[in-house]
Peer 1: 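If you scroll down you'll find the structure; I have some questions about it.
The first residue in the sequence is number 1, and the count goes up from there.
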Amino acid sequence: MSGGDHLSRRQLVAGAVTSAGGMMLGCTTTGADTAATLRSDLSFRTPLCDVLGIEYPVLQAPMSRIVTPEMVAAVSNTGGLGIYPGIGVSPQELRSAIEAVRQLTDRPFGVNLILHEDLVEPANPASVAASTLSAVQRTLNGIRREVGIAESTAGPPGFPDVIGPALEILLEERVPVFSIGLGLPSRELVDRFHNEGITVIAMAATVEDCIQLSASGVDAVVAQGSDAGGHRSTWSKRPSADYASIGTFSLVPQVAEAIPQPVVAAGGITNGRGLIASIALGAAGVLMGTRFIATAESAAPEFYKSALVDSSSDDTVVTDAFTGLYARVLRNRYTQIYGESSPMVLPAGMQQIAIADIVSESATRGTGDYYPMYAGQGLGLIQDVPTSADVINAVMEEARRELQGIVERMTS
Ligand SMILES: Cc1cc2nc3c(=O)[nH]c(=O)nc-3n(C[C@H](O)[C@H](O)[C@H](O)COP(=O)(O)O)c2cc1C
């Protein structure tokens with residue numbers, strides 16, 4: 001920095017964070033005093049908090065078969081935003097879950113739907129080539145023999161048409177926040193939610209897709225780095241797992257520069273350091289998934305929680321073998337056999353239905369060998385199974401401590 005641009009050390013640190021995430025620092029002193037002032041005055045209130053009506057800029061990711069109403073309420077009651085996954089449940093279950101969350105909290109919460117093109121308009125099973133179906137069933141039958149269940153050559157039924165009815169439920173229920181994964185909503189759809197007073201957030205994995213989300217009028221955009229657990233948030237399937245595969249550190253600052261809405265960083269974030277780093281990259285908050293799988297309120301089987309705690313960041317792989325769409329999971333016997341056997345998968349959703357017998361048997365046996373254990377690369381930092389409220393409190397406490405440590409390291 002040239003002499004004319006000189007800033008004090010306090011301005012350098014506080015200014016960098018403030019301009020990036022818009023976080024309220026409340027610092028009025030310089031030098032050694034700064035560190036002490038940071039700790040007591042720091043509110044962590046960013047523009048994202050105002051958009052969502054929350055206290056802390058920390059969102060719990062929607063995760064099918066993991067997130068419970070209890071988890072959503074615990075996160076929201078602690079000052080973050082809990083988000084219930086609306087995919088994979090019947091309309092009645094969705095209404096009951098929203099009701100259950102409302103019984104447990106009067107704070108804002110979200111409900112998520114996956115709006116992938118292939119799920120909004122599910123493929124006709126008759127359109128699947130016979131050669132694809134037999135190649136997939138040949139691979140699955142090898143796994144079925146190993147697991148000890150009946151083989152099959154049948155074509156699975158199509159993915160049920162559930163997204164349309166679910167959208168209507170969210171509108172009728174006037175949920176506080178509608179969260180979209182793997183989909184580009186039309187401006188009309190976003191307007192319908194806005195007209196009901198519902199805030200809309202949506203997630204994408206490339207700069208270009210985040211710009212498209214921004215143009216659709218959503219209130220905040222989640223930039224999902226390739227470190228993330230679960231499905232890549234794209235609305236059309238890419239040619240291979242190498243596409244839409246940009247690390248959180250590279251993606252977030254580009255998205256923050258490209259769009260006016262608050263940006264939420266996702267992918268590999270598990271703690272307060274991740275929050276501070278994300279704010280420094282230009283995000284106004286974080287969304288964490290994998291960290292919440294290993295919590296008391298999580299519906300994940302015990303073998304899944306244990307596997308997360310015992311695994312390291314090198315233990316994940318991106319595969320379409322579980323659902324037909326690319327997702328980051330823990331490597332296991334299923335991903336190994338599938339990867340060695342066949343590059344063929346059925347269309348989105350249909351693949352998941354075709355392997356349901358294998359997944360169910362794995363769960364019954366209490367083993368993760370053939371079970372989809374979605375996980376992000378931050379899992380090496382997960383070593384315990386706390387409550388969801390403890391996760392939020394620990395993230396905020398560590399973020400305060402870490403920021404103070406940064407200031408101390410840079411002012412000594
Ligand atoms: C088990 C699991 C299930 C997920 N299910 C959904 C989902 O239903 N809808 C969605 O938009 N994102 C889903 N995601 C992706 C998350 O929204 C988020 O991008 C991801 O968890 C962030 O990365 P992290 O897991 O490293 O924190 C899922 C992720 C995981 C790990």
Peer 1: Listed by chain and number, what are the side-chain contact (heavy atoms from CB on, under 4.5 Å) partners of A223, not counting sequence neighbours?
Peer 2: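 Only C210, L251, V252, V255, V263 meet the side-chain contact (heavy atoms from CB on, under 4.5 Å) criterion with A223.
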Peer 1: Is there side-chain contact between I201 and L59, with heavy atoms separated by less than 4.5 Å?
Peer 2: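 Heavy-atom side-chain distance check passes, below 4.5 Å.
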Peer 1: Test salt bridge (charged side-chain N to carboxylate O under 4.0 Å, His left out) on D227 and R328 and set out the steps.
Peer 2: CA-CA 8 Å; D227 325 32; R328 187 176 291 286; over 6 Å; no
Peer 1: Check the orientation of Y371 and Y304. Use parallel for under 30°, tilted for 30 to 60°, and perpendicular for over 60°.
Peer 2: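 Perpendicular: the ring planes of Y371 and Y304 meet at over 60°.
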Peer 1: Evaluate D357 against S360 for side-chain hydrogen bond (donor to acceptor under 3.5 Å, both in side chains), listing each step before the verdict.
Peer 2: CA-CA 5 Å; D357 55 343; S360 157; over 6 Å; no
Peer 1: What verdict does the side chain to side chain contact (heavy atoms under 4.5 Å, CB included) test give for I211 and I259, after you've listed the backbone C-alpha separation in whole Å, the side-chain angles of each residue and the deciding distance to 0.1 Å?
Peer 2: CA-CA 6 Å; I211 291 172; I259 67 170; 4.1 Å; yes
Peer 1: For Q383, what residues pass the side chain to side chain donor-acceptor pair (under 3.5 Å) criterion, not counting sequence neighbours?
Peer 2: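 Counting only residues at least two positions away or on another chain, Q383 forms no side chain to side chain donor-acceptor pair (under 3.5 Å).
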Peer 1: Give every donor-acceptor pair under 3.5 Å between a side-chain atom in residues 130-138 and any protein atom, sequence neighbours left out.
Peer 2:
{"from": "S134", "atom 1": "OG", "to": "A130", "atom 2": "O", "distance (Å)": "3.3"}
{"from": "S134", "atom 1": "OG", "to": "S131", "atom 2": "O", "distance (Å)": "3.3"}
{"from": "Q137", "atom 1": "OE1", "to": "R144", "atom 2": "NH1", "distance (Å)": "2.9"}
{"from": "Q137", "atom 1": "NE2", "to": "A154", "atom 2": "O", "distance (Å)": "2.7"}

Peer 1: Let's go through E146 and R333 carefully: what are the C-alpha distance in whole Å and the side-chain angles of both, what is the deciding distance for salt bridge (charged side-chain N to carboxylate O under 4.0 Å, His left out) to 0.1 Å, and is it a yes or a no?
Peer 2: CA-CA 10 Å; E146 189 173 299; R333 182 79 185 131; 2.6 Å; yes
Peer 1: Output every pair passing salt bridge (Lys or Arg N to Asp or Glu O under 4.0 Å) with a member in residues 283-301, not counting sequence neighbours, ordered by first then second residue.
Peer 2: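 Every salt bridge (Lys or Arg N to Asp or Glu O under 4.0 Å) pair that includes a residue of residues 283-301, provided the two are not neighbours, is R291-D384.
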Peer 1: Please check: side-chain N/O of K237 versus main-chain N/O of G324, any donor-acceptor pairing under 3.5 Å?
Peer 2: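 Yes, K237 side chain to G324 backbone: donor-acceptor pair under 3.5 Å.
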Peer 1: Is it true that a side-chain atom of T290 and a backbone atom of G376 form a donor plus acceptor pair closer than 3.5 Å?
Peer 2: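 Indeed, once roles are kept as given, a pair shorter than 3.5 Å links the two residues.
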Peer 1: For R331 and T316, indicate whether the former's side chain and the latter's backbone hold a donor-acceptor pair under 3.5 Å.
Peer 2: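 Side chain of R331 to backbone of T316, a donor-acceptor pair under 3.5 Å: yes, one is there.
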Peer 1: Do any side-chain atoms of residues 122-129 form donor-acceptor pairs under 3.5 angstrom with protein atoms, and if so which ones, sequence neighbours left out?
Peer 2:
{"from": "N124", "atom 1": "OD1", "to": "A126", "atom 2": "N", "distance (Å)": "2.9"}
{"from": "S127", "atom 1": "OG", "to": "N124", "atom 2": "O", "distance (Å)": "2.5"}

Peer 1: Less than 4.5 Å apart, side chain to side chain, heavy atoms only: is that true for Y374 and M63?
Peer 2: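 No, every pair of side-chain atoms sits at 4.5 Å or beyond.
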Peer 1: Donor-acceptor check, side chain of N112 to backbone of S179, threshold 3.5 angstrom: yes or no?
Peer 2: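 Confirmed, N112 side chain pairs with S179 backbone.
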Peer 1: Can you pull out every salt bridge (Lys or Arg N to Asp or Glu O under 4.0 Å) where at least one residue sits in residues 183-195? Sequence neighbours excluded, please.
Peer 2: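 Sorted result for residues 183-195: E168-R192.
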Peer 1: So, does S233 use its side chain to make a donor-acceptor pair with the main chain of M203 at under 3.5 Å?
Peer 2: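 Checked: pair present.
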Peer 1: Is there a side chain to side chain contact (heavy atoms under 4.5 Å, CB included) between L104 and F109 once you walk through the steps?
Peer 2: CA-CA 11 Å; L104 296 167; F109 65 93; over 6 Å; no
Peer 1: Can you name the residues that form a salt bridge (Lys or Arg N to Asp or Glu O under 4.0 Å) with R273, not counting sequence neighbours?
Peer 2: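 Testing R273 for salt bridge (Lys or Arg N to Asp or Glu O under 4.0 Å), a comparison that skips the adjacent residues, returns E402.
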Peer 1: Are any non-hydrogen side-chain atoms of L379 and M373 less than 4.5 angstrom apart?
Peer 2: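 Contact flag for L379/M373 side chains = no.
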Peer 1: Between T323 and A348 (side chain of the first, backbone of the second, donor and acceptor by atom type, cut-off under 3.5 Å), is there such a pair?
Peer 2: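 Flag not set: sc T323 to bb A348 has no pair under 3.5 Å.
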Peer 1: Nearest heavy-atom pair of S216 and P185: which atoms, and what distance?
Peer 2: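 Shortest heavy-atom separation between S216 and P185 comes out as CB-O, 3.4 Å.
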Peer 1: With a 4.5 Å limit on heavy-atom distance, are the side chains of Q60 and M71 in contact?
Peer 2: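 Side chain of Q60 against side chain of M71, heavy atoms only: contact under 4.5 Å found.
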Peer 1: Between T46 and Y56, is a side chain to side chain contact (heavy atoms under 4.5 Å, CB included) present by the stated rule, with each step listed?
Peer 2: CA-CA 8 Å; T46 72; Y56 301 134; over 6 Å; no
Peer 1: If you define the side chain from C-beta out and look only at heavy atoms, does anything of T335 sit under 4.5 Å from F322?
Peer 2: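 The answer is yes; the side chains approach within 4.5 Å.
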Peer 1: Take T367 and D369 through the test side-chain hydrogen bond (donor to acceptor under 3.5 Å, both in side chains) and record every step on the way to the result.
Peer 2: CA-CA 5 Å; T367 166; D369 287 349; 3.2 Å; yes
Peer 1: Under 3.5 Å, is there a donor-acceptor pair between the side chain of D310 and the main chain of A307?
Peer 2: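 Flag not set: sc D310 to bb A307 has no pair under 3.5 Å.
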Peer 1: Please list all pairs meeting salt bridge (Lys or Arg N to Asp or Glu O under 4.0 Å) that have one or both residues in residues 64-93, counting only residues at least two apart or in different chains.
Peer 2: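 Every candidate salt bridge (Lys or Arg N to Asp or Glu O under 4.0 Å) pair involving residues 64-93 fails, so no pair, neighbours aside, qualifies.
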Peer 1: Distance-only, no hydrogens or angles: does the S362 side chain make a donor-acceptor pair with backbone N or O of V359 under 3.5 Å?
Peer 2: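 Absent.
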Peer 1: Quick check against the 3.5 Å criterion: does Y338 have a side-chain atom that pairs as donor or acceptor with the backbone of M344?
Peer 2: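 Side chain of Y338 to backbone of M344, a donor-acceptor pair under 3.5 Å: yes, one is there.
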Peer 1: Looking only at heavy atoms, what is the nearest atom pair of I163 and I114, with distance?
Peer 2: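 That closest heavy-atom pairing would be CD1-O, 3.1 Å.
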Peer 1: For the residue pair E361 and Y370, establish whether any side-chain heavy-atom pair is separated by less than 4.5 Å.
Peer 2: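 No, side chains not in contact.
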Peer 1: Would you say the side-chain atoms of Q224 pair up with the backbone N or O of H231, donor to acceptor, closer than 3.5 Å?
Peer 2: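 Such a contact is found between Q224 side chain and H231 backbone.
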Peer 1: Indicate yes or no: at least one non-hydrogen side-chain atom of V309 is less than 4.5 angstrom from one of K305.
Peer 2: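 Answer no - side chains too far apart.
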Peer 1: Rounded to the nearest 0.5 Å, how far apart are CG of L115 and CD1 of I180?
Peer 2: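 L115 atom CG to I180 atom CD1 measures 5.0 Å (nearest 0.5 Å).
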Peer 1: With heavy-atom distances below 4.5 Å as the criterion, would you say the side chains of L275 and V286 are in contact?
Peer 2: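 They are in side-chain contact.
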Peer 1: Test of understanding: with side chain to side chain donor-acceptor pair (under 3.5 Å), list the residues that count as partners of Q261, not counting sequence neighbours.
Peer 2: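 Expected list: S214.
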Peer 1: Rounded to the nearest 0.5 Å, what separation is found between the CG atom of L403 and the CD1 atom of I279?
Peer 2: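 Nearest 0.5 Å value for the CG-CD1 distance: 9.5 Å.
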Peer 1: Got more than 12 heavy atoms from elsewhere within 6.0 Å of CZ, F249?
Peer 2: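 No.
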Peer 1: Taking all non-hydrogen atoms of both residues, which atom of T68 and which atom of A299 are closest, and how far apart?
Peer 2: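 Between these two residues, the closest heavy atoms are CG2-CB, 3.9 Å.
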Peer 1: Under the rule for side chain to side chain donor-acceptor pair (under 3.5 Å), what residues qualify as partners of Y334, not counting sequence neighbours?
Peer 2: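 Expected list: none.
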Peer 1: Going by the rule side chain to side chain donor-acceptor pair (under 3.5 Å), which residues pair with Q92 if we only count those two or more places apart in sequence or in a different chain?
Peer 2: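 So Q92 forms no side chain to side chain donor-acceptor pair (under 3.5 Å) with any residue.
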Peer 1: Do you know the tightest heavy-atom contact between W235 and G183?
Peer 2: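 For W235 and G183, the tightest heavy-atom pair comes out as CE3-C, 3.4 Å.
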Peer 1: Scan residues 201-223 for pairs that pass salt bridge (Lys or Arg N to Asp or Glu O under 4.0 Å), counting only residues two or more places apart or in two chains.
Peer 2: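 Passing the test, one end in residues 201-223: D209-R238.
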Peer 1: Going through the checks in order, is the side chain to side chain contact (heavy atoms under 4.5 Å, CB included) test met by R95 and E99?
Peer 2: CA-CA 6 Å; R95 273 195 205 278; E99 175 59 26; over 6 Å; no
Peer 1: Could you pull out the closest heavy-atom pair between V175 and I198, with the gap in Å?
Peer 2: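 That would be O-CG1, 3.2 Å.
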Peer 1: Quick check on the 6.0 Å ring-centre criterion: do F193 and F178 meet it?
Peer 2: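 Here the rings of F178 and F193 have centres that are less than 6.0 Å from each other.
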Peer 1: Which atoms form the tightest heavy-atom contact between G217 and V190, and what is the distance?
Peer 2: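 Minimum heavy-atom contact is O-CG1, 3.6 Å.
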Peer 1: For S278, which of T248, I269, V264 qualifies under side chain to side chain contact (heavy atoms under 4.5 Å, CB included)?
Peer 2: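 Checked T248, I269, V264 against S278; only one passes side chain to side chain contact (heavy atoms under 4.5 Å, CB included): I269.
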